[in-house]
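Every chain is numbered from 1, with letters handed out A, B, ... down the list of sequences.
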2 protein chains.
Amino acid sequence: MHELLSLNVRQKISLSTQEEELLKTFFIPKKLRKKQFLLQEGEVCQYAAFVEKGLLRSYTVDKKGNEHILQFAMEGWWISDLFSFYSGEPSVYMIEAMEDAELLLIKKDRYEDLLQAIPSMERYFRLLLQNNLIATQRRLNDKLSLPAEELYLKLIDTCDSIPQRVPQHMIASFLGITRETLSRIRKQLSSSHKK
Amino acid sequence: MHELLSLNVRQKISLSTQEEELLKTFFIPKKLRKKQFLLQEGEVCQYAAFVEKGLLRSYTVDKKGNEHILQFAMEGWWISDLFSFYSGEPSVYMIEAMEDAELLLIKKDRYEDLLQAIPSMERYFRLLLQNNLIATQRRLNDKLSLPAEELYLKLIDTCDSIPQRVPQHMIASFLGITRETLSRIRKQLSSSHKK
DNA sequence: CGCGGGTTTGATGATGCTCAAGCCCGGTGG
DNA sequence: CCACCGGGCTTGAGCATCATCAAACCCGCG
């Protein structure tokens, strides 16, 4: 059950065999069925979750009822609401399973314990956050500078696994456009491509 | 010269007096005059910079020549192109001083040395990245879900120091709208506010 | 005085949104 | 086996928001 996590950690730092065993003891396995929630708006985010299997998303809902997807998380990814997790404030995000999922959860105090017990995990999480920040900055910059069509093109050629598993209207929501607009863009692309 | 940095570090972790002295030895002081660049598009980003004084911005320039501001950095903030700094790839960002500035620079290999020499700095940078990620995610989510006017309102009541020091057209560029649109929004706000 | 940087204003147009309807397809139950 | 339903995708018409382009204005400064 913890294979992916170990692998993921060992890609960034090196651990002794004992440490690797110790690591596992900090996590709680949890299964989620499609459409179940790990976190709902207004709750305090208790866990950081590592995805062993399945696909989740985090999103907000605005006053008009529209959803805006902040993140997808598939096998080998982490998902949480960092702010709520850290501060203990209620969250504004929903985290939902888009497919049946198997997660490894860690609570905040256990997370702190883990960093004490295996100091090199500090480095692991730093690298994780760093990569995440780079990706988020890039996405923000794209959203600031590119029109809808180019956002879509950029998504499909940087990350082809997402479009495979995610329905169109959620891709639209991830890009910050409507499903209708995305549909039209795709139509136009496929027709201009054929000629 | 290193007061702000020490202060900033001590807010997140505790250091012995020796460590604090040691810390300083890793940084190169550097002054920049208004409109000078720390980094230009196409260069590899050699430094992470801590701002002791002044105000900088990082931005990209798109094909049409429009600028898109990713970040402002004032006293007590860090600025860099993380991706280029880490990977050694050429950067797509410009980093420019908007006011005369005093910086503390650290090179990549020295940065690695620092983490070796003072392991608790790993934690400092982790917390830094975490806060930065939270802020960037929030900004992205706002950009995905809010219209121009609300973006502006949100900016002025969360961060009043920016509008003080930054010309309007750069605020517009930070929000991802045009100067003209921002000007009209402000006009409309001030008139509706008076009544 | 004239220049440059920043802001404002107006006219026009494009991009993307809203609302409403229809379609496709796989699953379910009579 | 067929009818029906729901989820997701598409299409069209009209509209709102925001961008573009061009010009004028304001003001501090050499």
Original post:
Whole-Å distance between D/dG8 C1' and A/Lys35 NZ?
Top reply: 11 Å
Subject >> A/Ile171 CD1 - D/dG8 P separation (whole Å) >> reply: 13 Å
Original post:
Cationic tip of B/Arg57 within the cone over B/Phe174's six-membered ring, i.e. under 6.0 Å and within 45° of the normal?
Top reply: no
**OP:** State plainly whether the residues B/Asp113 and B/Arg110 are in salt-bridge range, i.e. N to O under 4.0 Å.
**Re:** yes
Original post:
Is the A/Phe37 ring parallel, tilted or perpendicular to the A/Tyr59 ring (thresholds 30°, 60°)?
Top reply: tilted
Original post:
Taking DNA chain D as the partner, which of residues 142-154 of chain A come within under 4.0 angstrom of it by heavy atom?
Top reply: none
**OP:** Answer yes when A/Glu67 and A/Arg179 have at least one side-chain N-carboxylate O distance shorter than 4.0 Å, and no when they do not.
**Re:** no
**OP:** Can you measure from CG (B/Leu114) to CG (B/Leu22) and round to the nearest 0.5 angstrom?
**Re:** 7.5 Å
Original post:
What bend angle does the helix from C/dC1-D/dG30 to C/dG30-D/dC1 show across its length, from five-pair end axes and to the nearest 10 degrees?
Top reply: 20°
Subject >> Where protein sits on nucleotides 20-30 of chain D, one letter per nucleotide: B base, S sugar-phosphate only, - none, heavy atoms under 4.0 Å >> reply: BBB--------
Original post:
Over how many whole Å does the gap from A/Gln188 atom CD to D/dT11 atom P extend?
Top reply: 12 Å
Original post:
Expressed in angstrom and rounded to an integer, what is the separation of A/Leu175 atom CG from C/dT15 atom C1'?
Top reply: 15 Å
**OP:** Check the distance between C/dG5's P and B/Met98's CE and give it to me in whole angstrom.
**Re:** 15 Å
Original post:
For the atom pair CD (A/Glu149) and CD (A/Gln188), what is the distance rounded to the nearest 0.5 Å?
Top reply: 5.5 Å
Original post:
Whole Å only: how far is the CD1 atom of B/Ile185 from the P atom of C/dT7?
Top reply: 14 Å
**OP:** Report the nucleotide, chosen from D/dG8, C/dT7, D/dT10, that has the shortest atom-to-atom distance to any side-chain atom of A/Pro167.
**Re:** D/dG8
Original post:
Closer than 4.0 Å, any side-chain N/O of A/Lys187 to the OP1 or OP2 of D/dT10?
Top reply: no
Original post:
CZ of A/Arg179 versus C1' of C/dC23: gap in Å, rounded?
Top reply: 15 Å
Subject >> Presence of A/His169 side-chain N/O under 4.0 Å of D/dC9 phosphate oxygens OP1/OP2 >> reply: yes
Subject >> Distance-only donor-acceptor check, side chains A/His68 and B/Asn141, under 3.5 Å >> reply: no
Original post:
Just checking B/Ile177: base, sugar-phosphate only, or nothing, at a heavy-atom cut-off of under 4.0 Å?
Top reply: sugar-phosphate
**OP:** Check the pair B/Asp81 / B/Ser58 against side chain to side chain contact (heavy atoms under 4.5 Å, CB included), numbers first and verdict last.
**Re:** CA-CA 8 Å; B/Asp81 172 1; B/Ser58 66; over 6 Å; no
**OP:** Let me see the working for B/Tyr86 and A/Leu127 under side chain to side chain contact (heavy atoms under 4.5 Å, CB included), right down to the final yes or no.
**Re:** CA-CA 10 Å; B/Tyr86 239 75; A/Leu127 293 170; 4.0 Å; yes
**OP:** Anything under 30° is parallel, anything over 60° is perpendicular, the rest tilted; go ahead and classify A/Phe27 against A/Trp78.
**Re:** tilted
Subject >> B/Asp100 with B/Lys34: basic N within carboxylate O range, under 4.0 Å >> reply: no
